[in-house]
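See below for the structure under consideration.
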Amino acid sequence: MSFEFLTFLAYSPRGKSEIEIASRTVAGSCKNGDVIFSTRLSQRLKEAGLSEYFAKSALIPVPRSTPLIEGAVFPSKIICETLVSNGLGESVADCLKRKYAIPKSSGQFHSDTRNTVQVHQDSLQVTPILITEPTIVVVDDILTLGRTSMASALELQKVYPDKEIKIFCTIRTRGWKNLEKIIDVSKGYMNVAGNGGVQLPD
């Protein structure tokens, strides 16, 4: 199974250069649901000529690793709402929930100890709602291994088999190479891998 994906920024979890340190500040703003960050992101996406990726689409936020409690920050939903308010996407469809908590990916440092795609799928639930747009864009804050996004897309495909489903993650983790710039567009297709993971093109 394959889904198109787009990421716009990059960050290094442990790099020591000025850019790598700055990238962690940017990632923190994203994960904290900073509306100013999301607004600037929207402007930069349009300036980069990427508006078409969101054309005629409903944006669906990916839930956090635990069920949402009242008053908690929901970063991916804030990103969705800000994108739509800036003309990127037609609507926000908050129909994907976490049924129960699973271990946070940020606390797992090796891919073989992180949640598999299936573990994510089992913990997710889609509430069917009417989506009139022909395209669904699954929106998450940070893409590391792609398993959360892939699981979300697979579960949504079961409920909306007639929709084109794509993935947008604001930031891509680039821990294995020296980071030279924060705006670093990555676009391609992610595929389900046989080991419970996801195959990315780079």
Side-chain angles (χ1 to χ4, degrees), residues 1-15 23 27 30-31 50 53-54 57-68 75-76 79-80 93-128 131 134-179 184-202:
M1 186 58 62
S2 177
F3 296 99
E4 186 177 8
F5 78 92
L6 168 70
T7 64
F8 188 63
L9 306 171
Y11 103 104
S12 170
R14 291 175 288 279
S23 77
C30 178
K31 290 176 77 70
L50 294 168
Y53 192 82
F54 303 91
S57 67
L59 309 189
I60 297 183
V62 172
R64 304 184 73 163
S65 60
T66 59
L68 197 65
S76 56
I79 294 167
C80 287
D94 185 11
C95 61
L96 187 62
K97 306 293 182 188
R98 192 75 73 171
K99 293 184 288 187
Y100 52 82
I102 61 172
K104 289 179 67 173
S105 295
S106 59
Q108 308 293 322
F109 297 106
H110 300 287
S111 61
D112 56 356
T113 63
R114 290 192 176 218
N115 302 310
T116 64
V117 171
Q118 190 61 56
V119 167
H120 280 291
Q121 283 188 258
D122 292 345
S123 71
L124 292 170
Q125 179 176 347
V126 180
T127 301
I131 294 177
T135 302
I136 286 171
V137 179
V138 177
V139 177
D140 204 358
D141 50 7
I142 294 180
L143 172 75
T144 300
L145 297 177
R147 296 177 184 184
T148 310
S149 301
M150 174 62 77
S152 300
L154 289 169
E155 288 304 297
L156 286 163
Q157 189 177 59
K158 293 177 184 178
V159 178
Y160 301 102
D162 59 330
K163 305 291 184 184
E164 178 187 13
I165 298 177
K166 302 192 290 187
I167 292 163
F168 171 69
C169 297
T170 304
I171 301 173
R172 186 167 178 187
T173 304
R174 293 296 205 181
W176 51 271
K177 67 175 186 177
N178 294 330
L179 198 66
D184 187 12
V185 178
S186 179
K187 193 174 182 182
Y189 288 85
M190 61 170 67
N191 300 277
V192 176
N195 59 355
V198 170
Q199 183 180 21
L200 294 163
D202 60 342

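Nearest heavy-atom pair across P67 and A101 is CD-N, 3.6 Å. For L145 against R114, the heavy-atom pair with the smallest separation is CD1-CD, 3.4 Å. Heavy-atom minimum distance, S12 versus L179: N-CD2, 3.7 Å. Nearest heavy atoms, I167 versus M150: CD1-N, 4.4 Å. Taking all atoms of both residues into account, the shortest heavy-atom contact from I142 to A27 is CD1-CB, 4.2 Å. Nearest heavy-atom pair, P13 versus G175, reported as atom, atom and distance to 0.1 Å: CD-CA, 3.7 Å.
By the 4.5 Å heavy-atom criterion applied to side chains, T148 and D140 are counted as neighbours. Between V117 and L154, the closest side-chain pair of non-hydrogen atoms falls below 4.5 Å. When side chains are defined from C-beta on, M190 counts as touching L143, because their heavy atoms get closer than 4.5 Å. Y53 is listed as a side-chain neighbour of E4, based on a closest heavy-atom distance under 4.5 Å. Looking at I165 and V138, their side chains come closer than 4.5 Å, going by heavy atoms from C-beta outward. Using a 4.5 Å heavy-atom threshold, the side chains of D141 and C169 count as separate. Between V119 and P103 the shortest side-chain heavy-atom distance does not fall below 4.5 Å. Using a 4.5 Å heavy-atom threshold, the side chains of T170 and F8 count as separate.
To the nearest 0.5 Å, the span separating NZ on K97 from OG on S123 amounts to 13.5 Å. Atom-to-atom distance recorded for S186:OG and D202:CG is 4.5 Å, nearest 0.5 angstrom. Here the CZ-OG distance, from R172 to S23, works out to 14.5 Å after rounding to the nearest 0.5 Å. Note that OG1 of T144 is 11.0 Å distant from CZ of R174, once rounded to the nearest 0.5 Å. Going from atom OG1 of T173 over to atom CG of L9 covers 11.5 Å, rounded to the nearest 0.5 Å. Once rounded to the nearest 0.5 Å, the distance linking NZ of K187 with CG of L6 reads 6.0 Å.
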- Item | Audit row: T135, K166, side-chain contact (heavy atoms from CB on, under 4.5 Å) steps and yes/no | CA-CA 8 Å; T135 302; K166 302 192 290 187; 3.9 Å; yes
- Item | CA sep, side-chain torsions, deciding dist, call: N191, V198, side-chain contact (heavy atoms from CB on, under 4.5 Å) | CA-CA 6 Å; N191 300 277; V198 170; over 6 Å; no
- Query: Under the side-chain contact (heavy atoms from CB on, under 4.5 Å) criterion, do L124 and R98 qualify, and how do the steps go?
  - Reply: CA-CA 5 Å; L124 292 170; R98 192 75 73 171; 3.8 Å; yes
- Query: Passes side-chain contact (heavy atoms from CB on, under 4.5 Å), I60 versus I131? Steps please.
  - Reply: CA-CA 10 Å; I60 297 183; I131 294 177; 4.0 Å; yes
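Counted within 6.0 Å of CG on N178, heavy atoms from surrounding residues, nucleotides or ligands total 12 or fewer; the atom is thus considered open. Residue-environment remark: CD (E164) exceeds the threshold of 12 foreign heavy atoms within 6.0 Å.
Between the side chain of R147 and the main chain of H120, no donor-acceptor pair closer than 3.5 Å is present.
Under the rule for a salt bridge (Lys or Arg N to Asp or Glu O under 4.0 Å), K163 has no partner lying at least two apart in sequence or in another chain. Residues satisfying the side-chain contact (heavy atoms from CB on, under 4.5 Å) criterion with V126, sequence neighbours excluded, are C95, L96, E155, L156, V159, Y160. Every residue meeting the ring-ring contact (aromatic ring centres under 6.0 Å, His included) condition with F54, not counting sequence neighbours, appears here in chain and number order: F168.
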